[in-house]
Amino acid sequence: MFNEEYDVIVVGAGHAGSEAAAAAANMGSKTLLITMNLQNIAQMSCNPAMGGIAKGQIVREIDALGGYSGIVSDTSAIQFKMLNKSKGPAMWSPRVQSDRMRFAEDWRLRLEATPNLDFYQEMVSGLLVKNHKVVGVKTSLGIEIKAKTVVLTNGTFLNGLIHIGDKNFGGGRAGEKAATGITEQLVELGFESGRMKTGTPPRVDGRSLDFSKMIEQPGDEHPEKFSYLDITKPLKEQRSCHMTHTSELVHDLLREGFDRSPMFNGRIKSVGPRYCPSIEDKINRFADKDKHQLFVEPEGWNTCEVYVNGFSTSLPEDVQFKALRSVVGFENVKFFRPGYAIEYDYFPPTQLKHTLETKLVDGLYFAGQINGTTGYEEAASQGLMAGINASLKVQEKDAFTLQRDEAYIGVLIDDLITKGTEEPYRMFTSRAEYRTLLRQDNADFRLTPKSYELGLASRERLERMEEKQAKSAAFVQFFRDTSVTPEEANPVLESKKSSPVKQQDKMFKLFARPNIIIEDMKQFESVEKYLKEHDLDSEVIEQTEIQVKYSGYIEKEKNNADKLNRLENLKIPSNFDYSKLKSMSMEARQKLEKIRPVTISQASRISGVSPNDISVLLVYLGR
């Protein structure tokens, strides 16, 4: 059955595995996707949503690179919101509420329609490794499947242990068994492993809730979408979410179960996500707060199952139930299933190269929660990059990496392999020093040409992006070239309480004022005429407005990036002996020896390596 050698085997079919398999197969590699349950491809294990702060930018980057997450998010969306719209465009972050069942179904059908991709359902219990090179995988039935490269995307399944109160049992997800064997083998091969924890809230019956007592949270009045392609359309109708709050009574009822909480009685020893704490952790850490927000999120168009966002917990099920019944609107709540915590193995990502290939085993790649990240979007982006690089390696082509000024995906991977992580890593806009360049609106400008070179983006997609870019540049130039008299300008400016002009001035300067928007500029006859003649869509108009208003910030950030990128070109020999650098601190030598940075720029971002240590390194390399 498996007498042929695959180019790429992807282990696990979550968000990372699905993107890895799609990318490798679409690049022409003979690919096998092997998972413990083919019915759960791209399962939304936690909340039924994609995107959010910085995560939305990642989904748009995945789409621009030719991945499927943006398309599937659009086709399965039940609500769209652009978050942070009151702030600058670097902070705008798209988010959709998803139909959980449609999301998984769409992913499954897209993968099945992908050429070069085979499927197999079974647990992978080990790797086939010869002379520090991976040559395939071994299943629990003893089947050996040969491959040139292997991508591990095991999620929370590696020795997964589920906790509900004082009960615990093996499992990678509710109702699914854990995966065993791989961690032990990797440790034998010299890998360092650790344990992390994540959690999920109860799922409840929406028919038992009183939504009239809650605050409605509708989607945007004019919803947008994730994918830059025309094959998806914005939503015409949406489902609302709702918001309610915990109370002191709810907190007191939860505290009654703290003695049986695995978080507080020592059963859970691993570190959980800082930015998505459990409800008991919130009560403990923020004791001065008398209430916490709960977002009541529907799981789909037609199902009555509801996700209680903000109530992640591993408390005993009777405590969960009693406390939740004291929340406003939940007085008669019925559970579909209780919340739980799960501990699982991960491998500190400093053991990886920028390509996500391991340093110890040639041809072996890690992506997703195995690298210590949290979130569908972070996992999907790593899977995409690992799948691309595994395929390129088989084809004996140069590796594909993204720098910190090119994509949030570049920030994510660089943070992981350079700094590592001791708690589940989550992306935020604040992690990106070039976030004005890495906006959600320009991901196609940044990445589609790269995707086309890889063979993932079509010529049609590239031409569509180039047309949008040209139209936007021409519209910006129009504002730079076109003048307006005080008689024309001042009525518009005065209506917005903006200072009048005393002489003829370029439209660009007026439009750059913070309180002047495109709707104001349309009051000028020349602008209205330009829009009619060129038939510009909303994406081009938005892009133009951002380029005009933030041109100074964008230019400054580009200059800063260019300066630092010069250090990216200063390569460090792979066999460099850091022990020679006696004038460098011991900590820096140890960190550099362990991580083996490829460039001076990467070395400068390692925790514990000071500017003085970099100076020493530069002097030595200069010699």
Side-chain angles (χ1 to χ4, degrees), residues 1-25 27 29-38 40-42 111 114 116-160 172 176-191 193 344-347 351-352 355-371 379 382-383 385-394:
M1 185 166 145
F2 291 113
N3 53 10
E4 64 177 312
E5 182 185 38
Y6 283 94
D7 293 323
V8 181
I9 289 179
V10 178
V11 180
H15 299 261
S18 296
E19 287 287 7
M27 288 173 69
S29 294
K30 184 65 179 169
T31 307
L32 174 67
L33 179 59
I34 181 166
T35 183
M36 294 202 297
N37 190 346
L38 286 171
N40 291 334
I41 286 176
L111 289 173
T114 303
N116 305 313
L117 182 57
D118 290 344
F119 301 84
Y120 188 59
Q121 177 172 298
E122 213 201 316
M123 186 175 83
V124 170
S125 56
L127 302 168
L128 304 176
V129 179
K130 287 184 182 176
N131 300 321
H132 298 288
K133 183 179 187 335
V134 73
V135 294
V137 300
K138 186 176 181 179
T139 74
S140 56
L141 289 177
I143 300 170
E144 295 190 351
I145 311 172
K146 299 292 197 309
K148 294 170 185 170
T149 59
V150 173
V151 182
L152 290 185
T153 69
N154 304 82
T156 59
F157 281 79
L158 291 180
N159 293 322
E176 296 178 67
K177 64 180 180 179
T180 56
I182 292 177
T183 297
E184 294 73 15
Q185 183 187 9
L186 289 172
V187 170
E188 280 181 25
L189 288 167
F191 285 90
S193 74
Y344 56 94
D345 294 337
Y346 86 105
F347 291 84
Q351 301 170 98
L352 304 176
T355 58
L356 298 181
E357 184 181 20
T358 66
K359 296 172 183 174
L360 283 175
V361 178
D362 190 51
L364 177 63
Y365 296 78
F366 290 172
Q369 283 174 292
I370 192 172
N371 290 336
Q382 292 171 69
M385 296 298 284
I388 288 170
N389 280 303
S391 188
L392 290 171
K393 187 178 182 76
V394 169

Discussion item. Tell me whether Ser29 contacts the main-chain N or O of Ala25 through its side chain, where contact means a donor paired with an acceptor under 3.5 Å.
Written reply: no
Worksheet item: Partners of Glu176 by salt bridge (charged side-chain N to carboxylate O under 4.0 Å, His left out), sequence neighbours excluded?
Response: Arg173
Item to complete: Would you mind listing every side-chain hydrogen bond (donor to acceptor under 3.5 Å, both in side chains) that reaches into residues 359-369, with sequence neighbours excluded?
Response: Asp362-Lys393
Worksheet item: Does any N or O in the side chain of Thr358 come within less than 3.5 Å of the main-chain N or O of Leu352, such that one atom is a donor and the other an acceptor?
Response: no
Worksheet item: Is the backbone N or O of Gly383 less than 3.5 Å from a side-chain atom of Glu19, with the two atoms forming a donor-acceptor pair by type?
Response: no
Discussion item. Are Phe191 and Phe366, when compared by the centres of their aromatic rings, separated by less than 6.0 Å?
Written reply: yes
Discussion item. Evaluate Asp7 against Lys30 for salt bridge (charged side-chain N to carboxylate O under 4.0 Å, His left out), listing each step before the verdict.
Written reply: CA-CA 5 Å; Asp7 293 323; Lys30 184 65 179 169; over 6 Å; no
Worksheet item: With Lys146, which residues qualify under side-chain contact (heavy atoms from CB on, under 4.5 Å), at least two apart?
Response: Glu5, Leu128, Glu144
Worksheet item: Donor-acceptor pair, Thr153 side chain versus Gly12 backbone, under 3.5 Å?
Response: yes
Worksheet item: Does Gln185 reach the main-chain N or O of Ile182 with its side chain, forming a donor-acceptor pair under 3.5 Å?
Response: no
Worksheet item: Has the side chain of Ser125 got a donor or acceptor atom that lies under 3.5 Å from a matching backbone atom of Thr139?
Response: yes
Fill in: Thr156 side-chain N/O to Gly172 backbone N/O, donor-acceptor pair under 3.5 Å
yes
